[in-house]
Amino acid sequence: MAGDEPPTAAAQPPTTELDQDLVEILEEGSGRLDIARYVDHVRDLAAGAIATFEGTTRDHFDGRRVVELRYEAYSAMARRRLEAILREARAAHALRRLAVAHKLGPVPAGEASVFVAASAVHRADAMEACRYVIDEIKASVPIWKKEVYDDGEVWKENREFFDRADADGTDTDHKKGHNKASGGGCCGSKVRVMEES
């Protein structure tokens, strides 16, 4: 009988690289980063390598005991910038899947605040993409960090931010007094912006 044919599946849009990427900004109170979930997200049968970066709160800085870091962000803009960074990483490297997550609010010593995972057919692409993503996060994503000590607190800015400003020729008054650390890459020395007691 006409009209009794089984319904056909609706046409699905083609899968894009961004469909395979995971970007999360965890608001304050949402718990710890689920590291295993992000690694599982980037697993791919065609990938021969998974590279990760986990940024954790250390318990000291410059002779002072660190209690926690506190992160604030313009979340909508931060998400858009994170998505753009993943597109840039894909344009530069042969990648299978990507995941990035950043926690907001307090992050006690020993706990992860940021996590990046990249999978690729070959390890070099995964490792280089992972490094690129974390360096870009530190240089250009609108997420701000306050380091809380047992005797005060300090807003911090990353060296990558200053290196980017120098490269762009946008030297600003607040950079005066900044002593560049030698070497490149992520996780370099930090700069005190404002101290509160």
Side-chain angles (χ1 to χ4, degrees), residues 9 11-26 30-58 69 71 73 75-104 107 110-145 156-168 180-190:
Q12 297 294 319
T15 301
T16 66
E17 289 89 359
L18 287 180
D19 293 331
Q20 297 180 26
D21 295 340
L22 175 62
V23 175
E24 287 190 346
I25 298 175
L26 281 73
S30 57
R32 292 179 176 225
L33 296 178
D34 187 349
I35 305 299
R37 178 170 167 260
Y38 306 126
V39 173
D40 286 344
H41 180 82
V42 301
R43 288 194 190 285
D44 187 297
L45 292 176
I50 294 174
T52 65
F53 172 83
E54 180 179 346
T56 59
T57 303
R58 62 179 169 229
L69 299 178
Y71 291 92
S75 294
M77 184 181 287
R79 172 175 289 280
R80 285 193 301 272
R81 182 63 193 128
L82 288 170
E83 290 168 352
I85 290 168
L86 297 190
R87 285 193 300 272
E88 294 161 9
R90 283 192 172 282
H93 305 285
L95 302 172
R96 299 299 299 173
R97 299 171 70 94
L98 291 162
V100 61
H102 205 299
K103 188 173 172 13
L104 301 181
V107 182
E111 191 173 312
S113 57
V114 61
F115 190 78
V116 179
S119 64
V121 174
H122 302 291
R123 70 180 179 272
D125 284 312
M127 293 171 73
E128 290 167 16
C130 195
R131 182 182 185 106
Y132 175 81
V133 170
I134 189 60
D135 284 349
E136 284 299 307
I137 288 170
K138 294 170 79 61
S140 66
V141 176
I143 296 176
W144 302 279
K145 175 175 65 178
K156 296 289 187 117
E157 290 180 336
N158 297 308
R159 187 189 75 228
E160 292 80 2
F161 171 81
F162 291 108
D163 290 347
R164 175 70 48 83
D166 287 345
D168 293 343
K180 286 188 181 181
S182 61
C186 73
C187 314
S189 64
K190 298 177 183 79

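Quick note: residue numbers are just sequence positions, from 1. Both backbone and side-chain heavy atoms feed into the values below; hydrogens, waters and symmetry mates do not.
A distance of 10.0 Å separates CG in L86 from OH in Y132, rounded to the nearest 0.5 Å. Atom OH of Y38 sits about 11.0 Å away from atom CD of E54, to the nearest 0.5 Å. Atom OG1 of T52 and atom CE of M127 lie 10.0 Å apart (nearest 0.5 Å). Separation of atoms CD (E83) and CD (E88) is listed at 12.0 Å; rounding is to 0.5 Å.
In terms of heavy atoms, V42 sits closest to A99 at CG1-N, 3.7 Å. Between A112 and V107, the closest heavy-atom pair is O-CG1, 3.7 Å. Across all their heavy atoms, L95 and A120 have their closest contact at CD2-CB, 4.1 Å. Here the closest heavy-atom approach between residue L104 and residue A73 is recorded as CD2-CB, 3.7 Å. Taking both residues in full, the closest heavy atoms of R96 and A47 are given as CG-CB, 4.0 Å, listed atom of the first, atom of the second, then distance.
At least one donor-acceptor pair under 3.5 Å links the side chain of D21 to the backbone N or O of L98. In this structure a side-chain-to-backbone donor-acceptor pair under 3.5 Å is present from R79 to V23. Counting only distance, with no hydrogens or angles, the side chain of R81 and the backbone of P142 share no donor-acceptor pair below 3.5 Å. Listed for the K103 side chain is a donor-acceptor partner under 3.5 Å among the backbone atoms of G31.
Residues R37 and E24 meet the side-chain proximity criterion, which asks for heavy atoms closer than 4.5 Å. You'll find the side chain of H102 stays beyond 4.5 Å of the side chain of L26, heavy atoms only. For the pair I134/V100, no side-chain contact is recorded, criterion being any heavy-atom separation below 4.5 Å from C-beta on. Side-chain contact check for F53 versus V114: some heavy-atom pair is nearer than 4.5 Å.
A side-chain contact (heavy atoms from CB on, under 4.5 Å) with I85 is found for exactly one of R90, E136, R80, namely E136.
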Under the side-chain contact (heavy atoms from CB on, under 4.5 Å) criterion, do S113 and L33 qualify, and how do the steps go?
CA-CA 7 Å; S113 57; L33 296 178; 5.7 Å; no
Please report the C-alpha distance between V116 and I137 in whole Å, then the side-chain angles of each, then the deciding distance to 0.1 Å, and finally whether the side-chain contact (heavy atoms from CB on, under 4.5 Å) criterion is met.
CA-CA 10 Å; V116 179; I137 288 170; 4.2 Å; yes
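Using modelled atom types and a 3.5 Å distance limit, the side chains of S119 and R43 yield no donor-acceptor pair.
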